J.: 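Take this structure, written in structure tokens, and hold onto it; I'll ask about it next.
In this chain, numbering begins with 1 at the start of the sequence shown. Not measured: the values here are computed from a predicted model.
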Amino acid sequence: MKKLLLVFEIVLGLIPFLPILSDTIFKTNIHTSIINVTMQWLLCVKIPILLICILLYLYFWYTIFKEIKKNLL
């Protein structure tokens, strides 16, 4: 059960890359449309959101690697 949960968490970590993967697989422009929408936002809105997303993503992988290390020992 722990291994299944670990695999599920790793798959969740790949979710931010889904627009890029779908662009390459299905030849769509999802990534471009996301960029076009967010380019209209003010810089004072974009930077905090970007920093929060980066920190959450790093914390997510930190907890996953901590769980892997705990399970291996």
Side-chain angles (χ1 to χ4, degrees):
M1 185 68 180
K2 285 184 179 181
K3 289 184 181 182
L4 182 66
L5 183 63
L6 190 62
V7 169
F8 179 69
E9 289 174 348
I10 290 173
V11 169
L12 279 179
L14 298 176
I15 287 177
F17 300 108
L18 286 180
I20 297 169
L21 292 174
S22 67
D23 280 351
T24 57
I25 293 171
F26 301 112
K27 305 293 185 220
T28 61
N29 288 324
I30 295 172
H31 188 243
T32 308
S33 63
I34 291 172
I35 289 174
N36 288 339
V37 168
T38 56
M39 287 299 285
Q40 299 170 4
W41 295 356
L42 296 173
L43 195 60
C44 62
V45 173
K46 285 192 277 189
I47 290 179
I49 291 175
L50 178 68
L51 289 175
I52 289 169
C53 289
I54 289 172
L55 289 174
L56 285 173
Y57 194 68
L58 290 174
Y59 179 73
F60 176 80
W61 281 107
Y62 167 75
T63 56
I64 285 180
F65 286 130
K66 191 168 67 170
E67 285 293 320
I68 291 172
K69 187 176 179 183
K70 187 173 79 173
N71 287 334
L72 291 177
L73 295 178

J.: State which residues pass side-chain contact (heavy atoms from CB on, under 4.5 Å) with Ile47; sequence neighbours excluded, sorted by chain then number.
T.: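 Per chain and number, Ile47 pairs via side-chain contact (heavy atoms from CB on, under 4.5 Å) with Leu43, Leu51.
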
J.: Just to verify, what does Leu56 make a side-chain contact (heavy atoms from CB on, under 4.5 Å) with, not counting sequence neighbours?
T.: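 Partners of Leu56 by the side-chain contact (heavy atoms from CB on, under 4.5 Å) criterion, ordered by chain and then number, come out as Ile52.
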
J.: Between atom SG of Cys53 and atom CG of Leu58, what is the distance when rounded to the nearest 0.5 Å?
T.: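 If we round to the nearest 0.5 Å, Cys53:SG and Leu58:CG are 11.0 Å apart.
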
J.: Given side chains that start at C-beta, do those of Ile54 and Tyr57 come closer than 4.5 Å, heavy atoms only?
T.: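 No, too far: nothing below the 4.5 Å cut-off.
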
J.: Measure the OH-CD distance between Tyr62 and Glu67 for me, rounded to the nearest 0.5 Å.
T.: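 Between atom OH of Tyr62 and atom CD of Glu67 there are 10.5 Å.
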
